[in-house]
Amino acid sequence: MAWVERFAPSPTGPLHLGHAYSALLAWDRAVANGGEFLLRIEDIDQSRARVEWEAQIYEDLEWLGIWWPKPVLRQSERLSAYRKALKELWNQNRLYPCTCTRRDIVEAPQEGAQILGPDGMVYPGTCFPESPYMSTWPFPENQTLRLDMDATTRNLGAPRLHFERYFSFQEAGTGPNGETGLIEFTADEAVKTIGDIVLARRDMATSYHLSVVLDDAFQGVTHVTRGQDLFEATKIHVILQKLLGLPTPVYHHHVLIRDKNGKRLAKRDDARAISKFRDDGATPEDIRRMVGL
Ligand code: GLU
């Protein structure tokens, strides 16, 4: 079986020990299975992405002993593919425009407590159109577009007893609560706990979720190795894969590397930057040991 892994960092800061763990794990799994390792630069957030960080990523990964086919795929060069997918979904009546600010969402009146989903607060439906949205494509680029999760999942998942629809993916690692093996969730659960997520952000004409799903398929990725912080977001990815007719890779979520206070590392934790360890004389083997590989 073909085995294609990828590492997909955003060039918004230095790679730290957590990134090293993720990249080395994906690399080791590719090598152990006679597979391929790809690198993808996730630079759609042009307000935060910097070429200096991108250059540093290449340097750090090479130093760790990782290599990949060049040129790399950069998401900033894939905007027309994202737009094409949005148009397709628009024409299928799966998207609607939204003008809400974050504050509007938090302050919107609604029944019961607000639910925090994998993509922030579950959208209260303020801009949901009363009747099907009739405006034709092209839609202005600087608009937020949301996915109608109910209409999307109602007919998409596999049918089961009592006509309940469900979705699934294979987890080869573990989720934050030990979830492993076949992970299943229902359409109803997706509507209630994920809701109408943003697929096109006003400022970037795409979103992390849409881009990652399109690019994993475009690059022929069969195995995704990444942190447990993205376990719940995988449910969004599975729904989008079904909606866009794309294959679902096998997922391997891994534990997050934490600092000595138990806090997960962030980009701003410069002290844990790979380059810093390197400057202090550490070897790639030292880094492997530090992350438990
Ligand atoms: N670009 C994301 C990050 O740096 C990773 C996305 C993924 O692995 O799906 O956190």
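Order of listing sets the numbers, starting from 1, for every ligand and every atom in it.
At a 4.0 Å heavy-atom cut-off, ligand 1 touches L230 through the side chain alone. For H253, no heavy-atom contact with ligand 1 is shorter than 4.0 Å.
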I'd like to know whether H237 forms a ring pair (Phe, Tyr, Trp, His ring centres under 6.0 Å) with F167, so could you lay out the CA-CA distance, the side-chain angles of the two residues, the decisive distance to 0.1 Å, and finally the verdict.
CA-CA 11 Å; H237 301 169; F167 298 84; over 10 Å; no

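Under the 4.5 angstrom side-chain criterion for Ile, Leu, Val, Met, Phe, Trp and Tyr, the cluster partners of F218 are L73.
Against a heavy-atom cut-off of under 4.0 Å, Y208 is close to the following atoms of ligand 1: 6 (C), 7 (C), 9 (O). If you number the atoms of ligand 1 from 1 as listed, the ones under 4.0 Å from a heavy atom of E42 come out as 1 (N), 2 (C), 5 (C), 6 (C). Shown in contact with V212 at under 4.0 Å from a heavy atom are these atoms of ligand 1, numbered in order with element: 9 (O). Residue contact check: R6 has heavy atoms under 4.0 Å from atoms 7 (C), 8 (O), 9 (O) of ligand 1.
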Could you list the donor-acceptor pairs under 3.5 angstrom formed between side-chain atoms of residues 116-129 and any protein atom two or more places apart in sequence or on another chain?
residue : atom : partner : partner atom : Å
D119    : OD1  : H209    : NE2          : 2.8
Y123    : OH   : C127    : N            : 2.8

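Using a 30° and 60° split on the angle between ring planes, Y251 and H253 fall in the parallel class, below 30°.
Between H254 and T225, the side chains place no donor N or O within less than 3.5 Å of an acceptor N or O (distance only, hydrogens not considered).
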